[in-house]
> 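This is the structure, below, for whatever I ask next.
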Number of protein chains: 2
Amino acid sequence: MSDASFDRSRCSVAGTLAVVGEKWSLLVLRETFLGVRRFADLQRALGIPKAVLTDRLATLVQEGVLRREPYQDEGERQRHEYRLTGKGRDLYPTLVALMEWGDRHLADGPPPLALEHRDCGARVRVALVCDDGHEVAGPHEVAARAAGAGVERRA
Amino acid sequence: MSDASFDRSRCSVAGTLAVVGEKWSLLVLRETFLGVRRFADLQRALGIPKAVLTDRLATLVQEGVLRREPYQDEGERQRHEYRLTGKGRDLYPTLVALMEWGDRHLADGPPPLALEHRDCGARVRVALVCDDGHEVAGPHEVAARAAGAGVERRA
DNA sequence: CGGACGAGGTTCGGCAAGTGAACCCAGCAT
DNA sequence: ATGCTGGGTTCACTTGCCGAACCTCGTCCG
């Protein structure tokens, strides 16, 4: 019985990927989370073709994930930089989840980037939790319920 | 100073995206998490071109995210289905993170799919936590440290 | 037996997207 | 005036995505 019937056309995974699922988009965001904000720095850091970077930045701005802000270094003309919006900052767990998977399954050595809690210095990771405070070990502990129907299945 | 220097060439985000970052790959995995395992069912559910699905399944199998297993319905010849490996199952938090972001920022109505903890029925979500048990609110509470160096920056 | 059927593909021609290199433009410095 | 730099645009080329058509292997039906 593999008919997992819910309305795929409005699936949130698909919707999110429509916004950040193009090639390079998530890597651009990774850099912005690391504090890189300027066109040339992004281009250097990523090795992305300029035309593609122009396009990705434009769509991310249009989607409200980044915002384009003027700045001015002394003795320089005014330029623009790209900063995360709140909507963009909410993608942080997604990036961390991708990073963790890579650390665990593609590693040839220690993780190239370690995340620490600023307050206590302990390692930061993503977890699945439920609203009762339990930590969820994996998909087998989760039931997916389609909106509007009593359909329930293992996820 | 936006030089955020760590070795991008081995960044785990990039590595992960090299495995599952092609168009459709994560949507195929979403379906497999929902229990869809067969070629024709995947094709129907996603509306993906057959040629692309063939290719995505092959690379996901090759990467060890899915495994191709024979099965046989009675009165049918032997066929193959695609199942998550442990490596694939570890992508669950990533999918959930993508889904949550879409639920929060693209919603025109209630989330199309709700996740519940099988034991207690409470809603399941992704969280950032540190090994000391604190919940991390966002990127501003996290410091990223490049491996091998004392480099530290806001993430 | 011959023929139809369905799952799971492969092949093909056309269109969209990604790529590197070259070029452009504004403003500051000389 | 000449050059330099950040932030792009344009161009020719290649790669990737797409739908439709075709193929293949076993099963069923007559």
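Since we're looking at a predicted model, the values are computed, not measured. Naming: A, B, ... by sequence-line order, numbering from 1 per chain.
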> Salt bridge or not for A:Arg125 and A:Asp103, using N-O below 4.0 Å?
no

> Given atom CG of A:Leu46 and atom P of C:dT19, what is their separation to the nearest angstrom?
11 Å

> Check B:Arg118 with A:Glu141, please: is the shortest side-chain N to carboxylate O separation under 4.0 Å?
no

> Hey, what are the protein-to-nucleotides 2-6 of chain D N/O distances that come in under 3.5 Å?
from	atom 1	to	atom 2	distance (Å)
D:dG6	O4'	A:Arg79	NH1	3.0
D:dG6	O4'	A:Arg79	NH2	3.4
D:dG6	N2	A:Arg77	NH2	3.0
D:dG6	N3	A:Arg77	NH2	3.3

> Out of the candidates B:Arg44, B:Arg37, B:Gln43, only one should pair with B:Asp41 under the side-chain hydrogen bond (donor to acceptor under 3.5 Å, both in side chains) rule; please name it.
B:Arg44

> With B:Ala122, which residues qualify under side chain to side chain contact (heavy atoms under 4.5 Å, CB included), at least two apart?
A:Cys130, A:Asp131, A:Asp132, B:Cys120

> What integer distance in Å separates B:Leu42:CG from C:dA7:P?
13 Å

> Extract from the structure each pairing of a protein N or O with an N or O of nucleotides 18-21 of chain D at less than 3.5 Å, listing the distance.
from	atom 1	to	atom 2	distance (Å)
D:dC18	OP1	B:Lys23	NZ	3.4
D:dC18	OP2	B:Trp24	NE1	2.8

> Side-chain donor-acceptor pairs under 3.5 Å in residues 53-63 of chain B, sequence neighbours left out?
from	atom 1	to	atom 2	distance (Å)
B:Thr54	OG1	B:Lys50	O	2.9
B:Arg56	NH1	B:Lys23	O	2.8
B:Thr59	OG1	B:Arg56	O	3.2

> Can you sort out the partners of A:Glu69 under salt bridge (Lys or Arg N to Asp or Glu O under 4.0 Å), two or more places apart, ordered by chain and number?
A:Arg67, A:Arg83

> Backbone N or O of A:Leu84 within a donor-acceptor pair of the A:Thr32 side chain at under 3.5 Å?
no

> Give the rounded distance in Å between these two atoms: CD of A:Gln78 and P of D:dG7.
12 Å

> For residues 86-96 of chain B, pull every pair meeting salt bridge (Lys or Arg N to Asp or Glu O under 4.0 Å), keeping only residues two or more places apart or in separate chains.
A:Arg104-B:Asp90

> Counting only side-chain N and O atoms of B:Tyr82, is one of them less than 4.0 Å from OP1 or OP2 of C:dG9?
yes

> How close or far is atom C1' of D:dT9 from atom CG of A:Leu57, stated in whole angstroms?
15 Å

> Would you tabulate the nitrogen or oxygen pairs shorter than 3.5 Å linking the protein to nucleotides 13-16 of chain C?
none

> Keeping to residues at least two apart or across chains, list the ring pair (Phe, Tyr, Trp, His ring centres under 6.0 Å) pairs with something in residues 100-134 of chain A.
A:Trp101-A:His105, A:His117-B:His134, A:His134-B:His117

> Could you state the atom-to-atom distance from CG of A:Asp41 to P of D:dG8 in whole Å?
13 Å

> With sequence neighbours left out, which residue pairs that include part of residues 37-83 of chain A fulfil the ring pair (Phe, Tyr, Trp, His ring centres under 6.0 Å) condition?
none

> Between D:dG8 atom P and A:Leu53 atom CG, what is the distance in whole Å?
8 Å

> May I ask you to verify if any side-chain N or O of A:Arg56 is less than 4.0 angstrom from the OP1 or OP2 atom of D:dG8?
no

> Between P on C:dG6 and CD on B:Gln43, what's the gap in Å once rounded to a whole number?
15 Å

> Can you list everything that forms a side chain to side chain contact (heavy atoms under 4.5 Å, CB included) with B:Ala18? Sequence neighbours excluded, please.
none

